Amino acid sequence: MSRPAPSPIYTLRGAGGPLNTLHFSCFGGDTPLLFSGSGKGAIHIWNLNSRRAEKILEGHSGNSVIWVDTLESTGALISQGRDTRVWLWDLREGRSEVVDSVWTGSVGFCQSSLLESSPGIYLLAFAGQQTEEIKIIELPSKTPVCTLVPDTKLGMVMCIKLWQPDSGPGPLLLAGYEDGSLLLWDVTQRSKLSQAKAHPEPVMCLTFDTERLRGISGSSEKKLSPWMLDRQNNLQLQDCVPLVNPGVSHLCIRQDGKLLASAGWDHRVRVFGWKRLRPLAALQYHTDMVLSVAFSDHQDPRRRLLAAGSKDHRVSLWSIYSSNDGDNDG
């Protein structure tokens, strides 16, 4: 008999809106934090020891917050809203000030992507004002790096991932488009390296394992589409992973490369072994679609959590640690 499905170890309430995005910050100090961005423009900083909101930042003129991240070297918070702006917050020594902003021109739902290119210097990729364009700038200088536009009509940019390969020159960028295509871009050369049609529907989300050069994407369909990069940086589609119900909002791979979590339109979080994509658990708690998932980066593996944010205004936190989780996935 299969084990009963677990329950969340606790939930966070009071966000006051759909939870579009989550980001853990468990380094630096004894207080692990979870940042959440809501559909009402609020960013909650949750103290995971007290299980309460330590601070609530009201930003983006009340527009939906669709992405949050932290700049590890400075401790700054970066957030993106549907007010066409990315904001940079100074949170040091109890402050909560907006110190800079970047105008994106995009009113879509494509989350930005951040990459530390050298100590204290970051590349920020975001969907631009034109439907298909991706812009990349350097922070904190805001110096433009490049604009990437496909040479064929692929529709709106839906999701992006900026990363630095171990070998070879500068950064690469993976992008999913409205027509279901995935493109791999060479940022330095401003050129397309490869393209694959991963879905018949818009690519709603993607995640990528930079160590194993494997990724996976989701859409409104009843399946996930895994793929990999070969030595020539060609995108190679692999066998699809069937889902019980259609629709995936978000995907996240755990930092150790053992687990994959998916945020489902069916109100569930599904956990897979990343190695062979074997289903391990369907986590059921939320009463509306799950919009975001995140794995914590706590140094103590026993304190690592999986968080899920839902349209029902709640965040659920799950303990999915075991010493061999995912190891038997094959």
Side-chain angles (χ1 to χ4, degrees), residues 7-72 74-83 85-101 109 111-112 114 249-250 252 261 263 267 269 283 285-300 303-321:
S7 299
I9 56 170
Y10 58 92
T11 58
L12 304 173
R13 299 165 184 262
L19 278 311
N20 297 321
T21 180
L22 299 170
H23 173 70
F24 280 99
S25 181
C26 298
F27 292 104
D30 301 322
T31 308
L33 301 174
L34 175 67
F35 296 85
S36 68
S38 86
K40 300 291 187 182
I43 299 164
H44 285 62
I45 305 175
W46 304 94
N47 179 324
L48 298 182
N49 290 337
S50 67
R51 304 179 182 180
R52 282 177 165 58
E54 196 171 82
K55 192 172 287 187
I56 302 171
L57 310 176
E58 298 291 344
H60 299 283
S61 307
N63 288 276
S64 189
V65 179
I66 62 172
W67 175 72
V68 291
D69 204 345
T70 47
L71 283 62
E72 292 295 342
T74 63
L77 172 71
I78 191 165
S79 64
Q80 177 191 5
R82 295 197 73 209
D83 60 345
R85 292 200 171 271
V86 171
W87 287 15
L88 198 64
W89 304 75
D90 181 3
L91 302 180
R92 290 173 297 177
E93 297 167 358
R95 288 191 284 264
S96 53
E97 303 165 5
V98 176
V99 291
D100 209 347
S101 70
F109 292 94
Q111 297 181 329
S112 299
L114 191 68
S249 307
H250 193 227
C252 185
H267 314 175
V269 177
L283 307 179
Y285 165 76
H286 292 286
T287 57
D288 208 330
M289 64 168 60
V290 183
L291 301 174
S292 51
V293 282
F295 287 104
S296 68
D297 51 357
H298 205 288
Q299 287 172 305
D300 181 353
R303 295 182 66 184
R304 288 181 192 153
L305 301 172
L306 168 64
S310 170
K311 200 173 176 180
D312 67 10
H313 303 190
R314 290 177 289 182
V315 180
S316 58
L317 288 114
W318 309 77
S319 175
I320 51 168
Y321 169 82

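No experiment lies behind these values; they were computed from the predicted model shown. Count residues from 1 along the sequence.
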* **Worked verdict on Ser310 versus Leu19 for side chain to side chain contact (heavy atoms under 4.5 Å, CB included)** => CA-CA 5 Å; Ser310 170; Leu19 278 311; 6.0 Å; no
Enter the distance from [X]:[atom1] to [Y]:[atom2] here, rounded to the nearest 0.5 Å.
{"X": "Phe24", "Y": "His298", "atom1": "CZ", "atom2": "NE2", "value": "10.5 Å"}
{"X": "Phe109", "Y": "Leu291", "atom1": "CZ", "atom2": "CG", "value": "10.0 Å"}
{"X": "Leu48", "Y": "Cys26", "atom1": "CG", "atom2": "SG", "value": "6.0 Å"}
{"X": "Arg13", "Y": "Arg52", "atom1": "CZ", "atom2": "CZ", "value": "13.0 Å"}
{"X": "Asn20", "Y": "Lys311", "atom1": "CG", "atom2": "NZ", "value": "10.0 Å"}
{"X": "Ser61", "Y": "Arg82", "atom1": "OG", "atom2": "CZ", "value": "14.0 Å"}

Minimum heavy-atom distance between [X] and [Y], given as atom pair plus value:
{"X": "Arg303", "Y": "Asn49", "answer": "NH2-OD1, 3.4 Å"}
{"X": "Leu88", "Y": "Ala76", "answer": "CD1-CB, 4.5 Å"}
{"X": "Gly94", "Y": "Lys55", "answer": "O-NZ, 2.8 Å"}
{"X": "Gly16", "Y": "His313", "answer": "C-ND1, 3.7 Å"}
{"X": "Gln111", "Y": "His250", "answer": "OE1-NE2, 4.1 Å"}
{"X": "His286", "Y": "Ala308", "answer": "NE2-O, 3.6 Å"}

With side chains defined as the heavy atoms from C-beta onward, is the minimum distance between [X] and [Y] less than 4.5 Å?
{"X": "Gln80", "Y": "Thr21", "answer": "no"}
{"X": "Val293", "Y": "Trp318", "answer": "no"}
{"X": "Ile45", "Y": "Leu57", "answer": "yes"}
{"X": "Leu305", "Y": "Leu34", "answer": "no"}
{"X": "Val290", "Y": "Tyr285", "answer": "no"}
{"X": "Leu22", "Y": "Ser36", "answer": "yes"}
{"X": "Pro8", "Y": "Leu317", "answer": "no"}

* Test Arg314 against Asp312 for salt bridge (charged side-chain N to carboxylate O under 4.0 Å, His left out), laying out the working first. => CA-CA 6 Å; Arg314 290 177 289 182; Asp312 67 10; 3.2 Å; yes
* **Passing candidate, side-chain contact (heavy atoms from CB on, under 4.5 Å) with Ile320, options Ile9, Leu306, Val269** => Leu306
* Asked: So, Ser38 versus His44: side-chain donor-acceptor pair below 3.5 Å or not?
  -> no
* Asked: Taking it one step at a time, do Phe35 and Val65 satisfy side chain to side chain contact (heavy atoms under 4.5 Å, CB included)?
  -> CA-CA 11 Å; Phe35 296 85; Val65 179; over 6 Å; no
* **Asp83/Arg85 ion pair, N-O < 4.0 Å** => no
* Using the six-membered ring wherever Trp is involved, compare the ring planes of Trp89 and Trp87 and label them parallel, tilted or perpendicular (cut-offs 30° and 60°). => tilted
* Got a donor-acceptor contact below 3.5 angstrom from the Asp69 side chain to the Ile78 backbone? -> no
* Check: Leu33 main-chain N/O paired with Ser25 side-chain donor or acceptor under 3.5 Å -> no
* **Intermediate values then yes/no, side chain to side chain donor-acceptor pair (under 3.5 Å), Thr70 and His23** => CA-CA 8 Å; Thr70 47; His23 173 70; 2.7 Å; yes
